[in-house]
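Basis for what follows: all heavy atoms, side chains included, without hydrogens, waters or symmetry-related copies. None of the values given here were measured: they were computed from a predicted structure.
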Amino acid sequence: RISGGNSRLIDKLKMKLELHNPGCLELGAHVVRITEHGYKLRVAFTQNGSTREVVSGRVICTIPFMVLRQVDGLDQLALSPQKRACIEKLEQGQNSKSMLEFSSRLWRHGKGKLPAYSGSLQGDFASQDLWETTRAQKGAHGVLTCFQGADTAKKASPLQVPAVILPDLEKFLPGIGKLYVKAAVQN
């Protein structure tokens, strides 16, 4: 965990890079075209309503392949057959992360089939992967985060989340459903 949020890591990296090469990073830019000019790349991008171009010997685009496929000029770049195949064929995965609040951290007390534990569960049940989000935080209430992938994530909606996760939790922690605060957040 990073005090102040995970974005502080990116901010620190940006600060270090910019210290040695001012203007080298463009965050939040939408790449629209990439062309080769000798040993350099010309990248056109939109940002805050305007379009700019930069020329560089090295370019790192941190965008999903499904978005990269839409960038003009990509088909003219000297990419290896393997890289071109990955860009053209790999699909984007589907994930869902949901958080449920409970009035007590039953998992910390050991009840049912499990002894007291950290709140982490992984398995081949519908919830797939669970962990406690409120570790080391004060108070009686606790939050469990559920991370789902593939078809299970595609079907997940905020209203259905408790109906999927609570029965799985009841298998390991009988009575936890009664502690559910009826507050679920999904992203």
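Separating the CD1 atom in Ile176 from the CG atom in Asp168 is a distance of 11.5 Å, to the nearest 0.5 Å. For the atom pair Glu88 CD and Leu68 CG, the distance stands at 10.5 Å (nearest 0.5 Å). Here Arg8 contributes atom CZ and Ser3 contributes atom OG; the two are 6.0 Å apart, rounded to the nearest 0.5 Å. To the nearest 0.5 angstrom, Gln137 atom CD is 8.0 Å from Glu132 atom CD. Taking CG from Asn21 and CG from Leu17, the interatomic distance works out to 8.0 Å, rounded to the nearest 0.5 Å.
A single hydrophobic cluster is seen to contain both Leu173 and Tyr180, as judged by linkage of ILVMFWY side chains at heavy-atom distances under 4.5 Å, directly or through other members. Grouping the Ile, Leu, Val, Met, Phe, Trp and Tyr side chains by contacts below 4.5 angstrom, directly or via other members, places Val71 apart from Val32. Side-chain heavy atoms closer than 4.5 Å link hydrophobic residues (I, L, V, M, F, W, Y) into clusters, and following such links, even through other members, never connects Ile34 to Met66.
With sequence neighbours excluded, no residue forms a salt bridge (charged side-chain N to carboxylate O under 4.0 Å, His left out) with Glu170. Under the rule for a salt bridge (charged side-chain N to carboxylate O under 4.0 Å, His left out), Arg84 has no partner lying at least two apart in sequence or in another chain.
Contact of the Leu41 side chain with the Leu77 side chain is registered, since non-hydrogen atoms from C-beta on lie closer than 4.5 Å. Using a 4.5 Å heavy-atom threshold, the side chains of Phe172 and Leu130 count as separate.
Aromatic ring orientation, Trp131 versus Phe147: tilted (interplanar angle from 30° to 60°).
Applying the salt bridge (Lys or Arg N to Asp or Glu O under 4.0 Å) definition to pairs two or more places apart or across chains, those involving residues 27-50 are Arg33-Glu53, Arg42-Glu53. Identified under the salt bridge (Lys or Arg N to Asp or Glu O under 4.0 Å) test for residues 11-20, with sequence neighbours left out: none. Sorted by first then second residue, the side chain to side chain donor-acceptor pair (under 3.5 Å) pairs that include residues 63-77, not counting sequence neighbours, number zero.
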Check step by step if side-chain contact (heavy atoms from CB on, under 4.5 Å) holds for Arg135 and Arg108. CA-CA 10 Å; Arg135 286 186 314 263; Arg108 295 277 178 178; 3.6 Å; yes
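Across Ser104 and Leu179, no two heavy atoms sit closer than the pair CB-CD1, 4.0 Å. Of all heavy-atom pairs spanning Ala29 and Phe45, the tightest one is CB-CD1, 3.4 Å. Leu106 and Gly175 make their closest contact through CD2-C, 4.4 Å (heavy atoms, listed as atom of the first residue, atom of the second, distance). Taking both residues in full, the closest heavy atoms of Ile165 and Cys146 are given as CD1-CB, 3.3 Å, listed atom of the first, atom of the second, then distance.
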Could you list the donor-acceptor pairs under 3.5 angstrom formed between side-chain atoms of residues 55-65 and any protein atom two or more places apart in sequence or on another chain?
from  : atom 1 : to    : atom 2 : distance (Å)
Ser56 : OG     : Arg58 : N      : 3.2
Ser56 : OG     : Arg58 : O      : 2.8

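For the side-chain contact (heavy atoms from CB on, under 4.5 Å) with Phe102, the qualifying choice from Leu169, Thr134, Val143 is Leu169, the only one to do so.
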